[in-house]
Amino acid sequence: GENVEQHPSTLSVQEGDSAVIKCTYSDSASNYFPWYKQELGKGPQLIIDIRSNVGEKKDQRIAVTLNKTAKHFSLHITETQPEDSAVYFCAATIQGAQKLVFGQGTRLTINP
Amino acid sequence: NAGVMQNPRHLVRRRGQEARLRCSPMKGHSHVYWYRQLPEEGLKFMVYLQKENIIDESGMPKERFSAEFPKEGPSILRIQQVVRGDSAAYFCASSKGETQYFGPGTRLLVL
């Protein structure tokens, strides 16, 4: 079955700097890759997603890149702000399978 | 335009009791998913349901756990004879396509 590895497990950056979180997946049939942000005591919130027919997608300060050949995808947050502090999860799914396979999460801390 | 709703938000049970977790999907969504999150870990898929049908239960423990999504009313995740290892956050998600939207979760504590 699909396996998703996420790195780093913790990340600390200065406010205003960029943050990058990387994920790799094992099943080449995976074709949908969402990213979720989870704040303490809350449910995961979708922040951006990408499908396998696209190499990059951007939404304001957030961007995701996908390398299908290498089977990895990354989340990029620019101009980080204190409210970006949270745990971020990547996930992957195979078309038709519906279930999401999540990475282990990255605890991002933005230092003022 | 309510999101996914879950109740209760917190549930305390003693070993051997039953836990019932409820999930109301977003309006217009016919797909419901349940995930479990242990402390400091990612979410693990449990079950995927559509109205009156279990589509994929490959992540459900073989015993004590069951799920349903009746024609009317919320989806229910039921855990019988709870043990301490069942303590976790249980999240429900709903979709009408690929994108899954999550509820706030139910935090189950087994004493």
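For clarity, every value in this text was computed on a predicted model and none was experimentally measured. The figures that follow rest on heavy atoms only: side chains count, while hydrogens, waters and symmetry mates do not. A, B, ... follow the sequence lines: proteins, then strands. Residue 1 opens every chain.
- Both A:F73 and A:L108 belong to a single network of hydrophobic side chains, linked directly or stepwise wherever heavy atoms of I, L, V, M, F, W or Y lie under 4.5 Å apart.
- Residue contact with chain B, scored on non-hydrogen atoms closer than 4.5 Å, involves the side chain of A:L46 exclusively.
- Follow the hydrophobic side-chain contacts under 4.5 Å out from B:F91 and you never reach B:L108; the two are in separate clusters.
- No path of Ile, Leu, Val, Met, Phe, Trp and Tyr side chains, each step under 4.5 Å between heavy atoms, connects A:V101 with B:M60, placing them in separate hydrophobic clusters.
- For the options A:A91, A:P34, A:G41, heavy-atom pairs under 4.5 Å to chain B are most numerous at A:G41.
- Take A:T80 and apply the side-chain contact (heavy atoms from CB on, under 4.5 Å) test, not counting sequence neighbours, and it matches A:V13, A:A19, A:I77, A:D84, A:I110.
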Which donor-acceptor pairs sit under 3.5 Å apart between chain A and chain B?
| from | atom 1 | to | atom 2 | distance (Å) |
| --- | --- | --- | --- | --- |
| A:Y32 | OH | B:T99 | OG1 | 3.2 |
| A:Y36 | OH | B:Q100 | O | 2.7 |
| A:Q38 | OE1 | B:Q37 | NE2 | 3.1 |
| A:Q38 | NE2 | B:Q37 | OE1 | 3.1 |
| A:G41 | O | B:R107 | NH2 | 3.4 |
| A:R51 | NE | B:E98 | OE1 | 2.6 |
| A:R51 | NH2 | B:E98 | OE1 | 2.9 |
| A:Q98 | O | B:Q100 | NE2 | 2.7 |
| A:Q98 | OE1 | B:Y33 | OH | 3.0 |
| A:K99 | NZ | B:S58 | OG | 3.1 |
| A:L100 | N | B:Y35 | OH | 3.1 |
| A:R107 | NH2 | B:E40 | OE1 | 3.4 |

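- The most heavy-atom pairs under 4.5 Å with chain A, out of B:C92, B:G105, B:P104, come from B:P104.
- The neighbour count for B:M5 CE, taken as heavy atoms of other residues, nucleotides or ligands under 6.0 Å away, does not exceed 12.
- For A:P44, the parts sitting under 4.5 Å from any heavy atom of chain B are the backbone and the side chain alike.
- Applying the 6.0 Å contact sphere to CG of B:L111 captures more than 12 heavy atoms from other residues, nucleotides or ligands.
- In the hydrophobic cluster analysis, where Ile, Leu, Val, Met, Phe, Trp and Tyr join through side-chain heavy atoms closer than 4.5 angstrom, A:F33 is grouped together with A:I48.
- Under a hydrophobic-cluster definition in which Ile, Leu, Val, Met, Phe, Trp and Tyr are linked whenever side-chain heavy atoms come within less than 4.5 Å, directly or via other members, A:F89 and B:F102 are assigned to the same cluster.
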